[in-house]
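I have placed the structure first, in the form of structure tokens, so that the comments after it can refer back to it.
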Amino acid sequence: MNTLETLPVTLDDVLKAQELLEGIITKTPIETSRALGTMVGGEVFFKCENLQRAGSFKVRGAYVRMARLSPEEKARGVVAASAGNHAQGVAVAAKSLGIKARIYMPLGVALPKLAATRSHGAEVVLHGHNVDEALAEAQRYADESGAVFVHPFDNVDVVAGQGTIGLEILEQVPDVDTILMGVGGGGLLAGVAVAIKAKAKELGREIRIIGVQAENAAAYPPSLAADALVPLKKVSTMADGIAVGRPGQLPFSIIRELVDDVVTVSEDSLARALIFLLERAKMVVEPAGAVGVAALMDGTIENPGKVAVVLSGGNIDPMLMLKVIQRGLSAAGRFMTVRMMLDDRPGSLATIARIIAENDANVTGLDHTRVGGAISMGDVSITINLETKGHEHGKQVLEALRAEGFQPIVVH
């Protein structure tokens, strides 16, 4: 195993990055979550990078990378690619440093992230259907134009900048046992691991570092198992901030040496975590920033002790939030859609409404149709959206409907 001193990024690099960022970034707060702490049987703290400038941690690494460019490099301008957070970080850093920035973003990028990036003064070009395609085009433009390519994670200065979060966590929670955060390309996880593991060695104690990926965008577990980069053939997750199909070579070389584990969470778990953060922590967090909370709620992390979770970003599209809220409520048993056939005669729908009301559920939507290939003459198909109090309450409503002769089918 490599020593901390021989890795491509060291504690000294992170400390120098922290000096460079003084007065530029926000030292984001640490918030205690008693509700999640009770759930997991330990103390839980949120490192609120969702409250950082431009809404995520990305400005840290972007600024460090760009501040160290030579005057000649700054004059050529910079180019980057991102689904949103790195784009905004580069745009904010470029504006602070007086550098011209060109950002490539995927065609399906969330509109708020697109608008925010442009509002910081960067030129935005939409290209490709994912971050990897946008990255390839940004690299091509850099080769062609001479602009400096600012990689979102595969760069020493970027990794060192992200590692400053680890230094802040240790200042704010000196006796932390475990630190959780999302991982896409790996810049954040690698940087924090360098800072934390080196500081823990100085203190003579252990601090666990665990990365979390969405299960449909999890390139690190197979790569770590193979001890080589294993690109994914397909990436599909609501967590666009960590939807990266191939780990960065530089972060990977650090993560395989220092990180204790990389775990995965499902889309439903992500949705539940976002609902929890909204309701119990009063925090607006994007899916990529909530994966650590999802892992804790799933019980994936054994004996977490005093745990800090990095809420890495808060840039969520309101339209996505609407979908996530519905999915999260459904996953928690608080929203249910059922479909059933009934006789097309007066009073049938009233009977169903009575049963639902008597069982203290709430109808939030209803579709009533007589036409369709599977609908017989004299029948009608209804689809009802129900608000319930949890899985057991949902079962109670279904049993009451069946007791009256109806045959409800749960759609979701």
I352 and M340, any side-chain heavy atoms less than 4.5 Å apart: yes

So which atom in V109 and which in L126 form the shortest heavy-atom distance, rounded to 0.1 Å? CG1-CD2, 3.9 Å

So, using side-chain hydrogen bond (donor to acceptor under 3.5 Å, both in side chains) as the criterion, who are the partners of D154 when residues are at least two apart? none

Can you sort out the partners of D175 under salt bridge (Lys or Arg N to Asp or Glu O under 4.0 Å), two or more places apart, ordered by chain and number? K306

Could you tell me if the side chain of T32 sits less than 4.5 Å from the side chain of V44, heavy atoms only? no

By side-chain hydrogen bond (donor to acceptor under 3.5 Å, both in side chains), which residues pair with R272, not counting sequence neighbours? S269

Please identify each residue that fulfils side-chain hydrogen bond (donor to acceptor under 3.5 Å, both in side chains) with R34, with sequence neighbours left out. none

Any side-chain donor paired with an acceptor under 3.5 Å for N216 and T237? no

Inspect the surroundings of CD in E279 and state if more than 12 heavy atoms from other residues, nucleotides or ligands are less than 6.0 Å away. yes

Step through the shown structure and confirm whether more than 12 heavy atoms of other residues, nucleotides or ligands are within 6.0 Å of CZ on R339. no

Scan residues 106-117 for pairs that pass salt bridge (charged side-chain N to carboxylate O under 4.0 Å, His left out), counting only residues two or more places apart or in two chains. K113-D240, K113-E286

Holding to ring-ring contact (aromatic ring centres under 6.0 Å, His included), I want the full list of residues that pass it with F153, two or more places apart in sequence or in another chain. H151

What do you reckon, is CD of E171 surrounded by more than 12 foreign heavy atoms closer than 6.0 Å? yes

Aromatic ring pairing H127/Y104, orientation class (parallel under 30°, perpendicular over 60°, tilted between): perpendicular

Among side-chain atoms of E49 and T28, is any donor-acceptor pair under 3.5 angstrom? yes

Would you call R208-D177 a salt bridge at under 4.0 Å N-O? no

Pair R140 + E137, salt bridge at N-O below 4.0 Å: yes

Sequence-distant partners of R102, salt bridge (Lys or Arg N to Asp or Glu O under 4.0 Å), two or more places apart: E123

Taking the side chain as C-beta and beyond, is there a heavy-atom pair between P287 and L274 under 4.5 Å? yes

Strictly below 4.0 Å, N to O, side chains only: are K47 and E168 in salt-bridge contact? yes

To the nearest 0.5 Å, atom CD1 of I25 lies from atom CD of Q18 at 8.0 Å

Assess the residue pair R76 and E72 against the criterion (salt bridge (charged side-chain N to carboxylate O under 4.0 Å, His left out)); give the C-alpha distance rounded to whole Å, side-chain angles, the decisive distance to 0.1 Å, and a yes or no. CA-CA 7 Å; R76 299 203 314 256; E72 186 272 332; 2.7 Å; yes

Return the set of residues passing side-chain hydrogen bond (donor to acceptor under 3.5 Å, both in side chains) with K58 (not counting sequence neighbours), or none when no residue passes. none

Just jot down the salt bridge (Lys or Arg N to Asp or Glu O under 4.0 Å) partners of E31, sequence neighbours excluded, or say none. none

Between Q88 and R53, is there a side-chain heavy-atom distance shorter than 4.5 Å? no

Indicate yes or no: at least one non-hydrogen side-chain atom of Q326 is less than 4.5 angstrom from one of F335. yes

E19: partners by side-chain contact (heavy atoms from CB on, under 4.5 Å), with sequence neighbours left out: none

Do T388 and R334 have side-chain N/O donor and acceptor atoms under 3.5 Å apart? no

D360: what forms a salt bridge (Lys or Arg N to Asp or Glu O under 4.0 Å) with it, not counting sequence neighbours? K389

Quick one: ring-ring contact (aromatic ring centres under 6.0 Å, His included) partners of F45, sequence neighbours excluded? none

Single hit among L311, I209, I210 for side chain to side chain contact (heavy atoms under 4.5 Å, CB included) with M181: I209

